[in-house]
Amino acid sequence: MSVMQNLRIAKFDIRSRLFVGTGKYASYEIMQQALEASGCQVVTVAVRRERLVDKQGRSLLEFLDLSKYIILPNTAGCFSAEDAIRVAILGRELLEKQKNPGANWVKLEVLGDKKTLLPDPIGSLEATKQLVKEGFTVLCYTSDDPISARRIKEAGAASVMPAGSPIGSGQGVLNPLNISLCLETLKENDPNYPVIVDAGVGTASDVAVAMELGADGVLLNTGVAHAKDPVKMAIAMHHAIEAGYLAYQAGRIAKKRYATASSPFDGIISHIPGE
Amino acid sequence: MSVMQNLRIAKFDIRSRLFVGTGKYASYEIMQQALEASGCQVVTVAVRRERLVDKQGRSLLEFLDLSKYIILPNTAGCFSAEDAIRVAILGRELLEKQKNPGANWVKLEVLGDKKTLLPDPIGSLEATKQLVKEGFTVLCYTSDDPISARRIKEAGAASVMPAGSPIGSGQGVLNPLNISLCLETLKENDPNYPVIVDAGVGTASDVAVAMELGADGVLLNTGVAHAKDPVKMAIAMHHAIEAGYLAYQAGRIAKKRYATASSPFDGIISHIPGE
Amino acid sequence: MSVMQNLRIAKFDIRSRLFVGTGKYASYEIMQQALEASGCQVVTVAVRRERLVDKQGRSLLEFLDLSKYIILPNTAGCFSAEDAIRVAILGRELLEKQKNPGANWVKLEVLGDKKTLLPDPIGSLEATKQLVKEGFTVLCYTSDDPISARRIKEAGAASVMPAGSPIGSGQGVLNPLNISLCLETLKENDPNYPVIVDAGVGTASDVAVAMELGADGVLLNTGVAHAKDPVKMAIAMHHAIEAGYLAYQAGRIAKKRYATASSPFDGIISHIPGE
Amino acid sequence: MSVMQNLRIAKFDIRSRLFVGTGKYASYEIMQQALEASGCQVVTVAVRRERLVDKQGRSLLEFLDLSKYIILPNTAGCFSAEDAIRVAILGRELLEKQKNPGANWVKLEVLGDKKTLLPDPIGSLEATKQLVKEGFTVLCYTSDDPISARRIKEAGAASVMPAGSPIGSGQGVLNPLNISLCLETLKENDPNYPVIVDAGVGTASDVAVAMELGADGVLLNTGVAHAKDPVKMAIAMHHAIEAGYLAYQAGRIAKKRYATASSPFDGIISHIPGE
Amino acid sequence: MRIKVNGQDYDLPDGGDIHALLAAHKLTPDKVAVELNRRLIRSSQYDTPLKNGDEVEIVTFVGGG
Amino acid sequence: MRIKVNGQDYDLPDGGDIHALLAAHKLTPDKVAVELNRRLIRSSQYDTPLKNGDEVEIVTFVGGG
Amino acid sequence: MRIKVNGQDYDLPDGGDIHALLAAHKLTPDKVAVELNRRLIRSSQYDTPLKNGDEVEIVTFVGGG
Amino acid sequence: MRIKVNGQDYDLPDGGDIHALLAAHKLTPDKVAVELNRRLIRSSQYDTPLKNGDEVEIVTFVGGG
């Protein structure tokens, strides 16, 4: 039973707060089932060269029902603002050819290091400014540093996507304080500004934790694609999004050092020490 | 969408792996809605003196649909095996009068300390032996110490319920290794032996974490009853149980120190540093 | 520069709060250097059968200067109270023959499981009672469960030694709350009751953490013996004991969510946003 | 007993790896004792307006023995590159007038937010480039983001000082992975590049943890200045630096899930279960 | 005679039994469980006459975790 | 003439254009996007003749996160 | 003339210089650093006459981290 | 006669005692502790003759934690 509000990002009104990547599945069929099971509406894709020779002839688009999913192209693998902008423009062109509503949006990644795939705060800022100028709706991948995140928002990003931990590392949210400070900064006087925790999700509780911090959504890929049973994990992630979203809304109890009885001591027939 | 198997404890075949307590709600009405929202089938209750004077006239039983819920009486507030046994026997008598299937089971608590409400390993062991002899199905609350847990099982408990953290403290699972070692020890050559993480749950992700460790279920009360919005939190807990259960079944990815790209580097048009 | 008070356990007045084991060193010579470097005064030893055949002829005692160290025999490897008592008695006999002041004390271990080497709370309790009756000064290894710890003290143990994590696992203090609750319970109205964190130390900060929780000392072995450079690690542990001891005494600052400037804002010549 | 190597930063050859701030002590006298007790050689100071009216007449410099300490002026409180550069230049002028060897170095802080006092990666980069051009030895305060850290190094900083957690928050090292990745990136093919963990230290173990990650030093202020007993805490920090430094050098044991006995099972006289 | 009910002194006419006690407190037998001198007493024995000094506990279910 | 297509050298008959190039690789224009010398080229301009040394990138969507 | 010193308005006799300013506040030149209109001014130039509207900052070291 | 020493069968001439046993293994009494049939035996009793089937444990200190 879902009682989630839609998530608004620029002109997009999104049903599911779980964004799922399309990479690294054992087969397109498993990908299809996992996406279906996850209940997601937004799926991310990468832009790459057509294999001009030796192609199996099957292409990703044949396996994505565009009447059902909104495609969010990324600029994964770009290490400079210039390359990221080129890839964003090519992605938009491809979307337009598919008449996909997502046409003018992009998940911007400008990476700073190949080993950690952590974002380059400078390049990301330049690319954001440029792409916003060119009419893009920019969802920008950032580190969990609140200041970098705020600067990306100030540059015009429609959404900031701080990393929980390195892409595909499965370490979850390593620094809850920073994610929480990102949320506080980005939503100051702008509570509906969308913040999506991106990268690092290893299992369902990571998703719940991110949402309980107040995130508006979570983007993941490897955590599902490389799970032993991707479809089951996709269902788990679906539940985890709801769980975390609702728990945040519900207002959790404060942590206490000591116990507080859930059954009353009043009316007890047993002997209580020291009484 | 649920794909959870029923949980078997002795003669009980239980639909929901979330056990919910009936204490500390602002009103019986809110309790009813929260129990409903949680999807739970097993609810715990305490045994206390009838208020002989000044009673509001409303009793808990009027608010629990016994055709829907299995009542699990606890021995909360008992600090000796003897008192716990007395309370268990009274609880059984009350259940029999309600013709409730749970009649011969009990959530055994023999507490060691009023400040932490942590269990007394010695008293719990004595009480378990005695109650098993008297035909009880004993679900015993223990610390997260794997050896105490194993001894309680050896004494004949139908289920062991290790604490994540002190009752009502909302600190979640403080020592995942110990819970994991409890599971390993208790399920050795007996994979279906039911282990329920009891106590300490503060929010949904705590439930997911417990289930991801391999627990068969989670028992909670304060985390829902004292949330700002108990009903919403109850739904969150419901999703969290499914999320954690499925994630455990699905087989999570291993944690890695470094990133692993979810988009391929192959076919990229951008310049990659050092290549 | 040390400003540590001696640690009092029964009749022993101990200079160093670091207790070091004598097992698992690459050679007796390295052990000697490591013990020396650690600044410890109490060293633990095990009781084992004389190798009747094929012995290298070198025995541990030749490498321990009894004018310098107090030997604390353990009952490691015992899984029943009865065996632990036998070993304790043999250890005492050996000490008396060495005219070692430690003669009547023992580090009591009654283990519950070979894989985790966690203590058996029941067997430990029986053995403690019996050994106290036979005039032993019992230092008892326990889990981090505060109730088990308290019962061991009530049974007459001169010191309780809760585990930070499984022996030799190098996981440090896995559950600081429990260690802290052990200290609170054991020292209630008895602030000088000695509590030594035993087992699990992997590196120096683990020792500091244990002491900062208020422990009176730390016992370790593998963390030093199996470090790449045992002597250097021994010095590190020596500093860590002082660091943690003094930090606890000094009274640390409280943790805050936000920053508090260490340089004043007053008199600043720069422009401060929003002012 | 110390076996620490000196720390080399640009032309400075520094005895103690603990840098201590001079802010927030109850009195100059306590500051003097704490600095003395900490064994530090480098102390940080701020640049502020002379109080032209109502001054107590006592100035910081009267309480710092310049024959003993190297003064490191900071740019605390600056939120733009321009202001930070002005303050750095004024600080240098003041040092030159004191004939202090530190004359041309500066602890650069360009802050991004008043609530968290986290650094602004863009402004820090600009200021670093400019100050390096003007002949400064720049030690730059950064977030724990490895990419920002690397860019600051590339801009010519003599040392990078990543934050463990927000200044004065006492939360210690919140994200050990990031600090570890900073060290890995900054020291790649340049093992002696000095990296100092700055900000967030609450107690001694925080210092040990930072050093065990491989940091070359730690800078702190509030953790000592606001401890109940600043002098004792200063001694604790002194030991913690040695402890962490040596533990890192010594090479800690790996963490294991299970126990490994420190006493041999061979030659045991007790009965071992299942044998 | 004087007995204890749920920890309080209580004066019961001689020959009174559990039935009388429950009735006096408007409690229906099937909603409570009763202990006499720390041992469970079943409904079938509610007619056993109580003796001076007897200790009776009358309990029911309340919310608990 | 010799051009580069997706980083590989490629010999195209003089006067050849993007249409020719796609046809030669059995690619349908609406499934790919094309860059000419690092700038996007729209379908409407696929008939611009290519010149010797031109660099062409033909891309599509693949799985990614 | 009226100048600003450390953010406060300050009336200085015409022809006054930094020396005068420091003297007036009993500050010894070697314990402070001085900025004139946001640029450092070295001791050697403390005798430059100040102009109406000049902004002067006189700073020193204080405790900081 | 046949006894067990440290878990191994061992043949000892009749009338042999702990002294004999230690001597046979070149062990000095003050470096070991001895158990006879699971009970400690003190040095003063090392001259008690051993009987067929006796179980002796001779232990010493080894490195341990």
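Numbers restart at 1 for each chain; the letters A, B, ... are given by sequence-line order, proteins then strands. All heavy atoms count here, side chains included; hydrogens, waters and symmetry mates do not. Owing to the predicted nature of the structure, the values given are computational and were not obtained by experimental measurement.
- Minimum heavy-atom separation, E/Gly63 to B/Ala46: O-CB, 4.1 Å.
- In this structure a side-chain-to-backbone donor-acceptor pair under 3.5 Å is present from B/Thr22 to E/Gly64.
- Within residues 43-57 of chain E, the residues having any heavy atom closer than 4.5 Å to a heavy atom of chain B are E/Ser43, E/Tyr46, E/Glu57, listed by residue number.
- Only the side chain of B/Lys107 comes within contact range of chain E, with at least one heavy atom under 4.5 Å from a heavy atom of that chain.
- If you measure heavy-atom distances from B/Leu61 to chain E, the contacts under 4.5 Å come from the side chain alone.
- Applying the side-chain hydrogen bond (donor to acceptor under 3.5 Å, both in side chains) test to every pair with at least one member in residues 163-172 of chain B, sequence neighbours left out, gives these pairs: B/Ser165-B/Ser169, B/Ser169-B/Gln171.
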For E/Gln8 and B/Arg49, what are the C-alpha separation, side-chain angles and deciding distance, and is it a side-chain contact (heavy atoms from CB on, under 4.5 Å)? CA-CA 11 Å; E/Gln8 310 292 324; B/Arg49 285 169 171 164; 5.8 Å; no
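- The CZ atom of B/Arg51 lies 11.5 Å from the CG atom of E/Leu27; values are rounded to the nearest 0.5 Å.
- Within residues 127-137 of chain B, no residue has a heavy atom under 4.5 Å from a heavy atom of chain E.
- Using a 4.5 Å cut-off between heavy atoms, E/Arg39 makes no contact with chain B at all.
- B/Leu94 places a side-chain heavy atom less than 4.5 Å from the side chain of E/Val59.
- Proximity to chain E is limited to the side chain of B/Asp83, based on heavy atoms less than 4.5 angstrom apart.
- Contact check for B/Glu96 versus E/Arg42: side-chain heavy atoms found under the 4.5 Å cut-off.
- The main-chain N or O of B/Glu50 is found under 3.5 Å from a side-chain atom of E/Asn6 such that the two form a donor-acceptor pair.
- Taking every heavy atom of both residues into account, E/Phe61 and B/Pro73 meet most closely at CE2-CB, 4.0 Å.
- Interface remark: of the candidates B/Gly21, B/Gly23, B/Ala199, B/Gly168, B/Gly23 forms the most heavy-atom pairs closer than 4.5 Å to chain E.
- Within residues 28-36 of chain E, the residues having any heavy atom under 4.5 Å from a heavy atom of chain B are, by residue number, E/Pro29, E/Asp30, E/Lys31, E/Val32, E/Ala33, E/Val34, E/Glu35.
- Contact count against chain E (heavy-atom pairs under 4.5 Å) is highest for B/Val45 among B/Val43, B/Asn221, B/Val45.
- Listed options B/Met31, B/Arg92, B/Glu82 were ranked by heavy-atom pairs under 4.5 angstrom with chain E; first place goes to B/Glu82.
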